Trainee: 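Pasting a structure below so you can have a look.
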2 protein chains.
Amino acid sequence: MNVVSVLIVDDHYLVIEGVRSLLQGEKRIEWLGHATSTESCLAFLKHHQPEVILMDINLGNESGIALCKSIKEKYPAIHILGLSTFNQQSFIKKIIENGASGYVLKNATKNELLTAIFTVSMGRSYMSSDALQLLRKQENKTIILTRREKEVLEFIAEGLTNNEIAAKIFVSVTTVDTHRKNLLSKFQARNIASLVKMAVQMELI
Amino acid sequence: MNVVSVLIVDDHYLVIEGVRSLLQGEKRIEWLGHATSTESCLAFLKHHQPEVILMDINLGNESGIALCKSIKEKYPAIHILGLSTFNQQSFIKKIIENGASGYVLKNATKNELLTAIFTVSMGRSYMSSDALQLLRKQENKTIILTRREKEVLEFIAEGLTNNEIAAKIFVSVTTVDTHRKNLLSKFQARNIASLVKMAVQMELI
DNA sequence: TTTCTTATCCCTTAAAAAGAGGATTTTTAT
DNA sequence: ATAAAAATCCTCTTTTTAAGGGATAAGAAA
C-alpha cells in the first residue's frame with residue numbers, strides 16, 4: 001500500500017497533538033504538519049499539497065466549510081476529511097456539499113481514523129457511522145425556507161411585529177402575515193414562541 | 001517539584017491522545033490514564049485517586065458538570081480542571097460553581113496546560129485568559145431567573161399559551177401572565193419571540 | 001407551453017399577548 | 001423577628017397573533 005501524505009487543519013492544539021500522536025507510528029502515513037487558521041493553511045498549500053487534509057469544521061471565528069470550498073477549487077486533487085465534535089451535526093451536510101469526501105467525529109478510534117484517511121485518499125467517501133446516524137435523523141427534519149421567509153423569520157426573532165416588518169421590507173402587513181403562517185406550517189409549530197426555539201436550535205437563525 | 005498524578009475524562013478520543021502525547025515526556029506528570037464516561041471515571045476513582053482530573057464539560061449525552069460535583073463530594077482532595085472547546089463559554093461558570101478549580105480551552109498550548117495542572121494541583125485556581133474574557137463578557141448579560149420563571153419560560157418556548165401553562169402548573173392565568181411580564185422585563189425583550197431567541201442562545205432552555 | 005413555486009395581497013373572527021396599573025401571601029435569608 | 005424576594009392574584013385597554021378562508025402575478029423549471 002502506498003504512503004498517504006496528511007495535513008491537519010484545526011485550531012485546537014490538543015486535537016492536533018492527538019492526531020499526530022495517533023498517526024506517528026504509521027508507516028503508511030506521511031505527516032506533513034498542521035495549520036491552525038485559514039491563512040496558514042492556504043499558505044502551506046502553496047508549497048506542499050497533501051493527499052488528504054483533516055479539516056475541523058469550526059476554526060474559531062473562521063469557517064472550515066468556506067476553506068474547504070476554496071481548497072477544492074484550487075486543488076481539486078486533494079481529498080478533505082471533515083473532523084468535528086459530536087454536537088455539530090448540522091454542519092456535516094454543509095461540508096460535504098462543499099467538497100469534503102468524508103466526515104469523522106473527534107471521538108473516533110485510531111482504526112477508524114486510519115480507515116477514513118485511506119478510504120478518502122483512494123477517492124472514495126467515508127462517513128463515520130455516528131455521523132451517518134445524525135444525518136439520517138436530520139434528513140426528515142430539514143426545513144427549507146425561501147429567501148423571503150428566512151428574512152421574515154429573522155425579523156420576527158428580533159422581536160419585530162408584522163406591522164414593523166411590513167414597513168421594513170416594503171410589503172403589506174398581510175403579506176408578512178402570510179409568510180408567518182407559512183413558517184408556522186413548515187415548522188409545524190403551535191406559535192411563534194415554539195417556532196423561534198426550533199429555528200435557533202436548528203441554527204437557522 | 002513534586003510529581004502530579006493526572007487522569008483525563010473526555011469522550012473525544014483524539015483529545016485524550018493529544019493530552020497524553022503532550023504530557024508524556026514530562027517527568028513532573030504521572031499519567032494515570034483516561035475515562036470516557038461518568039461510570040468508568042467513578043469506577044476508576046474507587047481504586048486510584050489522581051491529584052488532578054482534566055474534565056471535559058460535555059461527555060456526549062452525559063454532563064461533566066454533574067460528574068464534577070459528585071467527584072468533589074466524594075473526593076474533595078481531587079482538583080478538577082475543566083476542559084472545553086471555544087464555543088461553550090456558558091458552561092465555564094457552571095463547572096466552577098460545581099467545584100472545579102480551573103478551566104482550560106482545548107486550543108491551549110503545552111505550556112498553558114502544564115501551568116494549569118501545576119497551579120490547580122497546589123490548590124490554587126487557574127483560568128485561561130480566553131475563558132476569563134468570555135466570563136467577563138457574559139458577566140453583564142447573565143440573567144438570573146427564579147424557579148417558577150424558568151419553568152414558565154420552558155413551557156412558553158414549547159408553544160404553550162398562558163391558559164395552558166396555568167392549567168399545567170395549577171395557578172391562575174394572571175399569575176402566568178405576571179411571570180411572563182417579569183421574564184420580558186428581565187430579558188429586556190420586546191416580545192416573546194425575541195425572548196425565546198435570547199434564552200435559547202444563552203442556553204437557558 | 002404549462003405547471004409549480006414564490007411572493008404578493010385581501011377578508012373575518014377569536015384568542016392571545018403586551019402594557020399599564022396595584023395588591024396579597026409565602027418563602028427565604030439575615 | 002423582620003426585611004427582602006418570590007409567587008400569587010386582580011382589572012382594564014390596546015395591539016398583535018392565530019386560524020380560517022381565498023386570489024393574483026411573476027419567475028423558474030420541466
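What you see is a predicted model, and the numbers here were worked out from it, not measured in a lab. Proteins come first, then strands; the chains are lettered A, B, ... in the order of their sequence lines, and each starts at number 1.
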Trainee: Between the side chain of A:Thr175 and the main-chain N/O of A:Val171, is any donor-acceptor distance below 3.5 Å?
Mentor: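 Side chain of A:Thr175 to backbone of A:Val171, a donor-acceptor pair under 3.5 Å: no, none is there.
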
Trainee: Nearest whole angstrom, please: distance from the P of C:dT6 to the CD1 of A:Ile169.
Mentor: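 The distance from CD1 of A:Ile169 to P of C:dT6 comes to 16 Å, rounded to the nearest Å.
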
Trainee: Once you round it to whole Å, what is the distance between C1' of C:dT8 and CG of A:Asn182?
Mentor: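 Interatomic distance, CG of A:Asn182 to C1' of C:dT8: 11 Å.
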
Trainee: Just N and O in the side chain of B:His179: are any of them under 4.0 Å from OP1 or OP2 of D:dT8?
Mentor: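 For D:dT8, OP1 or OP2 has a side-chain N or O of B:His179 closer than 4.0 Å.
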
Trainee: Would you mind checking if A:Lys110 and B:Glu17 are paired as a salt bridge, meaning a charged N to carboxylate O distance below 4.0 Å?
Mentor: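 Salt bridge between B:Glu17 and A:Lys110, a charged N being under 4.0 Å from a carboxylate O: no.
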
Trainee: Whether A:Thr146 contacts C:dA7 is assessed here as follows: a side-chain N or O lying under 4.0 Å from the phosphate OP1 or OP2. Is that the case?
Mentor: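 Looking at the OP1 and OP2 atoms of C:dA7, one of them is under 4.0 Å from a side-chain N or O of A:Thr146.
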
Trainee: Can you find a side chain N or O atom of A:Arg147 that sits less than 4.0 Å from OP1 or OP2 on C:dT6?
Mentor: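 It does not, given that no N or O in the side chain of A:Arg147 lies less than 4.0 Å from OP1 or OP2 of C:dT6.
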
Trainee: Could you check whether atom NZ of A:Lys150 has more than 12 heavy atoms from other residues, nucleotides or ligands sitting under 6.0 Å from it?
Mentor: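 Result for NZ/A:Lys150: open.
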
Trainee: Using whole Å, report how far NZ of B:Lys150 lies from C1' of D:dA6.
Mentor: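 After rounding, the gap between these two atoms is 16 Å.
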
Trainee: Checking A:Lys186 side chain against A:Ile144 main chain: does a donor-acceptor pair fall under 3.5 Å?
Mentor: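 Yes.
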
Trainee: For the pair A:Ser185 (side chain) and A:Gln188 (backbone), establish whether a donor and an acceptor sit closer than 3.5 Å, ignoring hydrogens and angles.
Mentor: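 Here the side-chain-to-backbone pair does not exist.
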
Trainee: Can any side-chain N or O of A:Ser101 pair as donor or acceptor with the backbone N or O of A:His79 at less than 3.5 Å?
Mentor: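 Answer holds: no.
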
Trainee: Specify the angle, to 10°, made by the local axes at the two ends of the helix from C:dT1-D:dA30 to C:dT30-D:dA1 when five pairs are taken at each end.
Mentor: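 Roughly 70°, once rounded to the nearest ten degrees.
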
Trainee: Reading nucleotides 9-24 of chain D 5' to 3', which nucleotides get B (base under 4.0 Å from a protein heavy atom), which S (sugar-phosphate only), which -?
Mentor: BBB----SSSBBB---

Trainee: For A:Arg148 and D:dG27, give me the distance from atom CZ to atom P, rounded to whole Å.
Mentor: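 After rounding, the reported distance stands at 14 Å.
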
Trainee: Does any N or O in the side chain of A:Asn162 come within less than 3.5 Å of the main-chain N or O of A:Asp177, such that one atom is a donor and the other an acceptor?
Mentor: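 Judged by distance alone, no pair lies under 3.5 Å.
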
Trainee: Tell me, please, which residues at least two apart from B:Glu151 pass salt bridge (charged side-chain N to carboxylate O under 4.0 Å, His left out).
Mentor: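 Expected list: B:Arg148.
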
Trainee: Over how many whole Å does the gap from B:Gln188 atom CD to C:dA18 atom C1' extend?
Mentor: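 In whole Å, C:dA18 C1' and B:Gln188 CD are 16 Å from each other.
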
Trainee: Between A:Asp56 and A:Lys106 (salt bridge meaning N to carboxylate O under 4.0 Å), is one present in this structure?
Mentor: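 Yes.
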
